[in-house]
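This report concerns only the one structure given below.
Computed from a predicted model, the values in this text were never measured in an experiment.
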Amino acid sequence: TQSTGYRIGHHSTSDDSSRYRPNSEIDEWNATNNPITRLRGFIESRGLWDAERDAQLNSDARDAVLSAFREAEHVPKPPIDELFNDVYDTPPAHLLQQRDHLRAHLEEYAEHYQTDHFMSPDEYANRPNPR
């Protein structure tokens with residue numbers, strides 16, 4: 001299968017695509033060439049999908065997502081330092097400074113943060129891998 005899509009949204013929160021393409025272009029693509037809308041129209045026209053099944057799918061998906069959120073709320077978060085450990089083999093000095101600043105900030109304003117919701121480094125290192 002070969003298809004062409006169009007990125008309706010921005011690349012990221014720091015990208016404002018309206019600076020390099022008019023909103024009318026986005027609206028036109030979304031209205032006439034949205035691949036999800038087109039596929040839905042195709043399968044509905046062949047009797048393979050309908051509004052009732054779509055509503056049930058959306059309801060089931062919403063329930064599953066909310067259930068996963070409720071479950072995840074009870075899982076301890078990784079240690080704060082993990083924010084700085086996943087990109088570089090040896091973190092650069094500016095990241096180490098940011099880490100130290102964050103540690104100092106959390107210590108100074110501990111009453112404003114629920115730091116008991118985080119795993120210790122040992123707990124994190126010895127956790128079962130959920131994958």
Report yes or no: does His10 contribute a side-chain atom to a donor-acceptor pair with the main-chain N or O of Ser17 at less than 3.5 Å? yes
Output for pair (His94 NE2, Arg99 CZ), nearest 0.5 Å, gives 12.5 Å
Nearest 0.5 Å, what's the CD1-CZ distance between Ile80 and Arg103? 10.5 Å
Can you confirm whether more than 12 heavy atoms, excluding those of Arg7, are under 6.0 Å from its CZ atom? yes
When rounded to the nearest 0.5 Å, the distance separating CG of Asn30 from CG of Asn23 is 11.5 Å
So, taking the atom named OG1 in Thr115 and the one named NE2 in His117, what distance separates them when rounded to the nearest 0.5 Å? 9.5 Å
Is a donor on one side and an acceptor on the other found under 3.5 Å between the side chain of Arg62 and the backbone of Ser59? no
To the closest 0.5 Å, what do you measure between NE2 (His105) and NE2 (His112)? 8.5 Å
Can you tell me if Asp15 uses its side chain to pair, donor with acceptor, with the backbone of His11 under 3.5 Å? yes
Do Leu95 and Tyr88 have side chains that get closer than 4.5 Å, going by heavy atoms? yes
With no hydrogens and no angle check, do the side chains of Glu82 and Asn85 hold a donor and an acceptor under 3.5 Å apart? yes
Closest contact, heavy atoms only, Thr32 versus Arg38: O-CD, 3.9 Å
Is it the case that one hydrophobic cluster holds both Leu83 and Tyr109, taking links as side-chain heavy atoms less than 4.5 Å apart, direct or via other members? yes
When rounded to the nearest 0.5 Å, the distance separating CD1 of Ile8 from CD1 of Ile26 is 7.0 Å
Is any side-chain heavy atom of Met119 less than 4.5 Å from a side-chain heavy atom of Arg127? yes
Hey, does the side chain of Glu123 reach the backbone of Ser120 with a donor-acceptor pair shorter than 3.5 angstrom? yes
Between Phe84 and Tyr113, is there shared hydrophobic-cluster membership here, with clusters defined by ILVMFWY side-chain heavy atoms closer than 4.5 Å? yes
Would you say Leu102 and Phe118 are hydrophobically clustered, going by side-chain heavy atoms of ILVMFWY under 4.5 Å? yes
Pair up each side-chain donor or acceptor in residues 47-54 with any protein partner under 3.5 Å, not counting sequence neighbours, and list the distances.
residue: Trp49; atom: NE1; partner: Asp54; partner atom: OD1; Å: 3.1
residue: Asp50; atom: OD1; partner: Glu52; partner atom: N; Å: 3.1
residue: Asp50; atom: OD1; partner: Arg53; partner atom: N; Å: 2.7
residue: Arg53; atom: NH1; partner: Leu48; partner atom: O; Å: 2.9
residue: Asp54; atom: OD2; partner: Arg40; partner atom: NH1; Å: 3.1
residue: Asp54; atom: OD2; partner: Asn58; partner atom: ND2; Å: 3.3

Residues forming a ring pair (Phe, Tyr, Trp, His ring centres under 6.0 Å) with Tyr20, sequence neighbours excluded: none
Check the hydrophobic clustering (I, L, V, M, F, W, Y; side-chain heavy atoms under 4.5 Å; chains of links allowed) and say if Leu39 and Leu57 are grouped together. yes
Verify, without hydrogens or angle tests, whether Ser67 (side chain) and Asp63 (backbone) share a donor-acceptor contact under 3.5 angstrom. no
When you look at CG of Asp89, are more than 12 heavy atoms from neighbouring residues, nucleotides or ligands closer to it than 6.0 Å? no
